[in-house]
Amino acid sequence: MEQPPSESDAIAKVSSIFIYPIKSCRGISVSQASVTPTGFRWDRQWLVVNYKGRAYTQRVEPKLSLVQVELPDEAFIDGWEPSKSSYLVLKAPGMDALKVSLIAPREVSNGISVWEWSGSALDEGADASKWFSDYLGKPSRLVRFNTASETRPVEPEYARGHKIMFSDMYPYMLLSQGSMDALNNVLKEPIPVNRFRPNILVEGCEPFSEDLWTEIRIDKLTFLGVKLCSRCKVPTINQETGIAGAEPNETLRKIRSDSVLRPTQKQRGKVYFGQNLVFKGSLTGKKGNVLKVGDLVYVLKKVSSTDEAAA
């Protein structure tokens with residue numbers, strides 16, 4: 001069996017793990033999470049949709065940033081299965097708490113769409129629909145990804161054969177604390193990492209070094225860095241107030257645009273912050289893959305410049 005590199009070869013370590021059970025709602029910081037091909041268990045498994053089945057995100061409903069999501073502590077233990085008394089609990093300003101059973105519902109909603117994908121999803125019922133409709137002030141439903149009948153591929157030109165649930169494009173997004181610190185050093189007002197909604201935050205490496213990583217090992221788990229993460233307007237939304245501003249995107253356009261990072265490549269007018277990952281596999285070859293805060297990060301392959309990185 002292949003052995004991991006020695007600790008002295010580690011370039012960073014995992015400092016935080018974040019899971020976002022409902023797309024565009026608040027994340028949960030956890031000490032460990034089960035790794036699956038479609039993302040961390042529970043990550044982006046639920047979606048708020050309008051009456052046509054189209055996804056609501058913070059881009060159009062920034063109030064979603066104020067929806068606090070709670071899962072049972074034991075939900076992050078590998079192999080745990082919910083019982084009839086296991087709930088997803090939602091809280092938001094001016095709203096009573098909503099409890100959603102973690103036992104999958106049976107009702108199916110058709111015509112659900114996220115970006116390029118459309119299909120069916122499991123409908124969480126009338127109470128959840130009323131809660132989100134009252135909170136957003138428009139007809140809404142809460143649905144869960146139907147893993148039994150649906151698949152959603154990532155962009156095949158970057159990671160053919162890999163799949164996701166309701167995340168934007170890729171199962172995992174990694175960011176380094178060094179990159180956050182470097183950005184905050186040039187912002188007039190520092191911002192927290194929740195503006196960028198990473199799954200994995202690492203510390204100890206140089207700022208923006210994750211741009212170059214094409215294959216990494218975290219403990220015994222291997223991930224591929226497949227595409228620089230292009231950023232939309234969500235980082236401009238204060239996750240504590242739901243109010244958008246100009247930053248950090250205004251500054252990112254000056255220091256992290258494709259014209260700066262990828263001058264010889266086709267220009268798309270995008271800015272980049274973080275690295276999208278897919279899960280390649282485990283050294284042990286076993287099920288029960290768990291990533292933990294404190295796990296060491298080893299770079300197995302990388303490109304020499306951002307100009308060569310996929311984006």
Next on the checklist: Minimum heavy-atom separation for Ser65 and Gly242, please, with both atom names.
Outcome noted: OG-CA, 3.4 Å
Next on the checklist: As an exercise, state the distance from CD of Gln68 to CE of Met95, rounded to the nearest 0.5 Å.
Outcome noted: 14.0 Å
Item to check | Main-chain N/O of Leu122 paired to Arg106 side chain as donor or acceptor, under 3.5 Å | outcome: no
Next on the checklist: Ring-plane angle category for Phe279 and Phe223, please: parallel below 30°, perpendicular beyond 60°, tilted otherwise.
Outcome noted: tilted
Item to check | Any side-chain heavy-atom pair of Phe166 and Pro21 under 4.5 Å | outcome: no
Item to check | Joint hydrophobic cluster, Leu187 plus Phe196, side-chain heavy atoms closer than 4.5 Å | outcome: yes
Next on the checklist: Quick one, Val114 and Val49 - any side-chain contact, counting heavy atoms below 4.5 Å?
Outcome noted: no
Checklist entry - With side chains defined as the heavy atoms from C-beta onward, is the minimum distance between Asp73 and Val30 less than 4.5 Å? => result no
Checklist outcome for this item: One should read off an interatomic distance between Leu283 CG and Arg217 CZ, to the nearest 0.5 angstrom, of 4.5 Å
Next on the checklist: For Thr57 and Glu61, which I'm curious about, is there any donor-acceptor pair between the side chains at under 3.5 Å?
Outcome noted: no
Next on the checklist: When you measure from the side chain of Lys63 to the backbone of Tyr135, do you find a donor-acceptor pair of N or O atoms at a distance under 3.5 Å?
Outcome noted: yes
Item to check | Under 3.5 Å side-chain donor-acceptor pair for Asn249 and Thr236 | outcome: no
Checklist entry - Which heavy atom in Ile112 sits nearest to a heavy atom in Ser120, and how many Å separate them? => result CG1-C, 4.5 Å
Item to check | side chain to side chain donor-acceptor pair (under 3.5 Å) partners of residues 10-30, not counting sequence neighbours, each pair once | outcome: Lys23-Asp168
Item to check | Non-hydrogen side-chain atoms of Leu296 and Ile11 separated by less than 4.5 Å | outcome: no
Next on the checklist: Determine whether a donor-acceptor pair (N or O, by modelled atom type, separation under 3.5 Å) exists between the side chain of Trp46 and the backbone of Leu142.
Outcome noted: no
Checklist entry - If you measure from OG1 on Thr306 to CG on Leu212, what distance do you get to the nearest 0.5 Å? => result 7.0 Å
Checklist entry - Salt bridge or not for Arg144 and Glu124, using N-O below 4.0 Å? => result yes
Next on the checklist: So, taking the atom named CD in Gln45 and the one named CG in Leu88, what distance separates them when rounded to the nearest 0.5 Å?
Outcome noted: 9.5 Å
Item to check | Reference residue Tyr170; test side-chain hydrogen bond (donor to acceptor under 3.5 Å, both in side chains); the match among Gln275, Glu155, Lys227 | outcome: Glu155
Next on the checklist: I'd like to know whether Leu291 forms a side-chain contact (heavy atoms from CB on, under 4.5 Å) with Ile200, so could you lay out the CA-CA distance, the side-chain angles of the two residues, the decisive distance to 0.1 Å, and finally the verdict.
Outcome noted: CA-CA 9 Å; Leu291 191 139; Ile200 304 169; 4.2 Å; yes
Next on the checklist: I'd like to know if the side chain of Asn199 and the backbone of Met173 have a donor-acceptor N/O pair within less than 3.5 Å.
Outcome noted: yes
Next on the checklist: Closer than 3.5 angstrom, by distance alone: can the side chain of Ser129 be matched with the main-chain N or O of Ser140 as a donor-acceptor pair?
Outcome noted: yes
Item to check | side-chain contact (heavy atoms from CB on, under 4.5 Å) between Leu136 and Leu64, worked out | outcome: CA-CA 8 Å; Leu136 295 176; Leu64 288 173; 4.3 Å; yes
Checklist entry - Which atom pair, heavy atoms only, marks the closest approach of Leu71 to Ala75? => result CB-CB, 4.3 Å
Checklist outcome for this item: Residues Pro171 and Asp43: closest non-hydrogen pair is O-OD2, 4.3 Å
Checklist entry - How far apart are the closest heavy atoms of Asp78 and Gly288, and which atoms are they? => result OD2-CA, 2.9 Å
Item to check | Partner of Phe40 under side chain to side chain contact (heavy atoms under 4.5 Å, CB included), chosen from Tyr172, Phe18, Phe76 | outcome: Tyr172
Next on the checklist: Go through it in stages, so that I can follow the logic: the residues are Trp117 and Phe145, the test is ring pair (Phe, Tyr, Trp, His ring centres under 6.0 Å), and I'd like the CA-CA distance, side-chain angles, deciding distance and then a yes or no.
Outcome noted: CA-CA 12 Å; Trp117 177 88; Phe145 196 86; 5.8 Å; yes
Checklist entry - Could you give all pairs that pass the side chain to side chain donor-acceptor pair (under 3.5 Å) test and reach residues 182-197, with sequence neighbours left out? => result Asn194-Glu240
Item to check | Side-chain touch Arg141/Asp123, heavy atoms, less than 4.5 angstrom | outcome: yes
Next on the checklist: Is there a path of hydrophobic side-chain contacts, each under 4.5 Å between heavy atoms of I/L/V/M/F/W/Y residues, joining Val234 to Leu201?
Outcome noted: no
Checklist entry - Within the side chain of Asn146, is there an N or O that forms a donor-acceptor pair under 3.5 Å with the backbone of Glu150? => result no
Checklist entry - Can a salt bridge be assigned to the pair Asp211 and Arg256 using a cut-off of 4.0 Å between side-chain N and carboxylate O? => result yes
Checklist entry - Got a salt bridge between Lys302 and Glu215, using NZ or NE/NH1/NH2 to carboxylate O under 4.0 Å? => result no
Next on the checklist: Pair Gln265, Gln267 - check side chain to side chain donor-acceptor pair (under 3.5 Å), show working.
Outcome noted: CA-CA 6 Å; Gln265 305 294 330; Gln267 299 298 296; over 6 Å; no
Checklist entry - Counting only N and O atoms by type, is there a donor-acceptor contact under 3.5 Å from the side chain of Ser257 to the main-chain atoms of Lys254? => result no
Next on the checklist: Are Asp307 and Pro263 packed together at the side-chain level, in the sense that at least one heavy-atom pair is separated by less than 4.5 angstrom?
Outcome noted: yes
Next on the checklist: Between Tyr56 and Leu47, is the side-chain contact (heavy atoms from CB on, under 4.5 Å) condition met? List the steps.
Outcome noted: CA-CA 8 Å; Tyr56 279 137; Leu47 179 71; over 6 Å; no
Checklist entry - Between CD1 of Ile103 and OG of Ser83, what distance do you get to the nearest 0.5 Å? => result 6.5 Å
Next on the checklist: Please give me the minimum heavy-atom distance between Thr38 and Met165, naming the atom from each residue.
Outcome noted: OG1-CE, 3.9 Å
Checklist entry - Is there a donor-acceptor pair under 3.5 Å between the side chain of Glu210 and the backbone N or O of Ser176? => result yes
Next on the checklist: Is there a path of hydrophobic side-chain contacts, each under 4.5 Å between heavy atoms, that joins Val186 and Phe208?
Outcome noted: yes
Checklist entry - Should Leu224 and Leu277 be marked as a side-chain contact (heavy atoms from CB on, under 4.5 Å) after you check the CA-CA gap, both sets of side-chain angles, and the distance that decides it? => result CA-CA 5 Å; Leu224 302 178; Leu277 307 177; over 6 Å; no
Next on the checklist: Taking the basic N atoms (NZ, or NE/NH1/NH2) and the acidic carboxylate oxygens, is any pair closer than 4.0 Å for Glu250 and Arg231?
Outcome noted: no
Item to check | Residues Thr36 and Arg41: side-chain donor-acceptor under 3.5 angstrom | outcome: no
Item to check | Same cluster (ILVMFWY, side-chain, under 4.5 Å), Leu90 and Ile28 | outcome: yes
Checklist entry - Can you check whether Lys99's main-chain N or O pairs, donor with acceptor, with Tyr87's side chain at less than 3.5 Å? => result no
Item to check | Any Val108 side-chain heavy atom under 4.5 Å of Asn110 side chain | outcome: yes
Next on the checklist: Are Ile216 and Tyr298 connected into the same hydrophobic cluster when the rule is that any two of I, L, V, M, F, W, Y join if their side-chain heavy atoms are below 4.5 Å apart?
Outcome noted: no
Next on the checklist: Quick one: does any side-chain atom of Asp295 pair with a main-chain N or O of Val14 as donor and acceptor, under 3.5 Å?
Outcome noted: no
Checklist entry - Are any of the side-chain heavy atoms of Lys233 and Gln58 separated by less than 4.5 Å? => result no
Next on the checklist: Surrounding CD of Glu107 (heavy atoms of other residues, nucleotides or ligands, distance under 6.0 Å), is the total greater than 12?
Outcome noted: yes
Checklist outcome for this item: Taken to the nearest 0.5 Å, the spacing of Asp127 CG from Phe132 CZ works out to 12.5 Å
